[in-house]
There are 2 protein chains.
Amino acid sequence: MRPIKWRCSTASVEKAISALVNADSTRERILDTTVELLRRHGLGKTGVVDVARALDMSHSNVYKHFTSKSALFDAVAERWLAQVMAPLTKITADKKAPAAKRLKQWTRTLAEVKRKKVLGDPALFEVYNSITADAHDVVAAHVARMRDEVAEILRDGVRSGAWKLRSPGATAMLILNATARFHHPAMVGLDEGRTDLAELDALMDVVIAGLSN
Amino acid sequence: MRPIKWRCSTASVEKAISALVNADSTRERILDTTVELLRRHGLGKTGVVDVARALDMSHSNVYKHFTSKSALFDAVAERWLAQVMAPLTKITADKKAPAAKRLKQWTRTLAEVKRKKVLGDPALFEVYNSITADAHDVVAAHVARMRDEVAEILRDGVRSGAWKLRSPGATAMLILNATARFHHPAMVGLDEGRTDLAELDALMDVVIAGLSN
DNA sequence: GTAGTAACAAAAGTCAAGAATTGTCACTTG
DNA sequence: CAAGTGACAATTCTTGACTTTTGTTACTAC
């Protein structure tokens, strides 16, 4: 393999890097202020003009970084979802604990995190909900990610001999469906934190018992 | 026990009965017309004045039969729910089939009926949904009824020795929760009839297997 | 005393104007 | 060439006068 010849001066490289870094940082700054305004004034009263004004820039420039208002809000939701996933991914990665225990803990944590977010950050939850309603690809990606994590825990269980499963992916979807009542935004929003998560534990006990057959 | 003495003429009795019958029939007529208008013009564009006009009566008279607009719509939803329950109650009553099979059939039918109603009667579904959102007691009653029917099937299973359950009522709620994804109005509305009910069957297989432990 | 009505206040809905927002484009700047 | 701007059309969002609807009450008729 022949080494690539970089046809550029150090100066032009630095410039390009700084441009990229700047692009990224203003992108982040825009996202930050959007979240801030969203929290303060809610979804309805936050527009790209407001965001631009808060940052002392023309609204056209916001469109340089996000192709549309909904793209901007999608990015906010994506970030929000990343925060939701973080504690779950930790559980998925912790290969020491037995799969059944991790599976139960995973669904419980999902429900808890969603609940905390709904109660503690209602404005951002509203953003996420409006995106869910439009059936965006952000949601599809999120569901796929959740399914993959659950499937990985299931595969660990298969490897350790706890279960025999034909399709861990399909079973993962089955588990997400079975527990939707406790973590799906459309349902968490309805009974504002009234449902008892002990019911979720009981449900998972039955599902896990059923998986062992 | 001493026989009750009826202190009234046949004439006054007939009058009272006819009054009751009439009350009932105009009540029914009002409900019928409401459903009709709801179907034709949707939830937003149907008011008690419209209903009264369609029946050639003053709107005040509608208020003689229903205390408020929402009471009228509650009654519509109640009727709608009764239609949903009918095929389920049949399954609950059919004591010949084994409990596990009936349980699976029951949840499947619930999902199917809800789906059919959503697709075939979107206007009335909208009414039902708006009532669900306001967390009315109509919904609580409906959920209680569903729980009781599932609990009865579960008790049949316990009697026949298929399962041992501490609390059929709690387990019934568990099953309703687990299958909410497939029959809860808030979810059925989202993926307009796209979800595969085979997934519900698979889920119920796992739950039923889990119940046997 | 039940079915029904007419007249009324309060709340909610309608609609067209003017205002603001979304999104595009040609343009400047480092 | 990427970050940024001002001017612009198209589209949505207010706003406030006006209309309709909701719900009550005092009434008639059987």
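Chain letters run A, B, ... following the sequence lines, proteins first, then strands; residues in each count from 1.
Computed from coordinates, the B/Leu72 CG to D/dG23 C1' distance equals 13 Å when rounded to whole Å. Taking atom CG on B/Leu43 and atom P on D/dT21, their separation rounds to 15 Å, with Å as the unit. The CZ atom of A/Arg53 sits 14 Å away from the P atom of D/dT5 (whole-angstrom rounding). Look at CZ on B/Phe73: it is 10 Å from P on D/dG23, rounded to the nearest Å. Atom CZ in A/Phe66 sits about 16 Å away from atom C1' in D/dG4, given to the nearest Å. For the pair B/Arg29 CZ and C/dA3 C1', the computed distance is 11 Å after rounding to whole Å.
Other residues, nucleotides and ligands contribute over 12 non-hydrogen atoms within 6.0 Å of the NZ atom of A/Lys95.
Residues passing the ring-ring contact (aromatic ring centres under 6.0 Å, His included) test with B/Tyr128 are B/Trp80, sequence neighbours excluded. Applying the side chain to side chain donor-acceptor pair (under 3.5 Å) criterion to A/Thr89, with sequence neighbours excluded, gives A/Arg145, A/Glu149. By the ring-ring contact (aromatic ring centres under 6.0 Å, His included) test, B/Phe182 pairs with no residue at all, sequence neighbours left out.
At a non-hydrogen distance threshold of 4.0 Å, B/Met57, B/Ser58, B/Ser60, B/Asn61, B/Lys64 from residues 55-64 of chain B come into contact with DNA chain C.
Remark: of the listed residues B/Leu154, B/Thr92, B/Val207, B/Leu154 is the sole one forming a side-chain contact (heavy atoms from CB on, under 4.5 Å) with B/Leu103. For the side-chain contact (heavy atoms from CB on, under 4.5 Å) with A/Met204, the qualifying choice from A/Val206, A/Asp201, A/Leu200 is A/Leu200, the only one to do so.
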Under 3.5 Å, which N/O atoms of the protein pair with N/O atoms of nucleotides 12-17 of chain C?
none

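For A/Asp50, the side-chain atoms get nearest to C/dT21 when compared with the rest of C/dT21, C/dG4, D/dT21. Across C/dG4, D/dG23, D/dG4, the shortest atom-to-atom separation from the side chain of B/Lys69 is found for D/dG23.
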If you look only at distance, which donor and acceptor atoms sit under 3.5 Å apart when one is on a side chain in residues 48-62 of chain B and the other is two or more places apart or in another chain?
from, atom 1, to, atom 2, distance (Å)
B/Asp50, OD1, B/Arg53, NH2, 2.9
B/Asp50, OD2, B/Gly47, N, 2.8

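Heavy atoms of A/Val48 sit under 4.0 angstrom from primed sugar atoms or phosphate atoms, though from no base atom.
Contact record, B/Ala123 with B/Arg39: CB-CA, 3.8 Å, taken as the closest heavy-atom pair.
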Verdict with supporting geometry, B/Val188 and B/Lys117, side chain to side chain contact (heavy atoms under 4.5 Å, CB included): CA-CA 10 Å; B/Val188 175; B/Lys117 286 277 178 189; over 6 Å; no

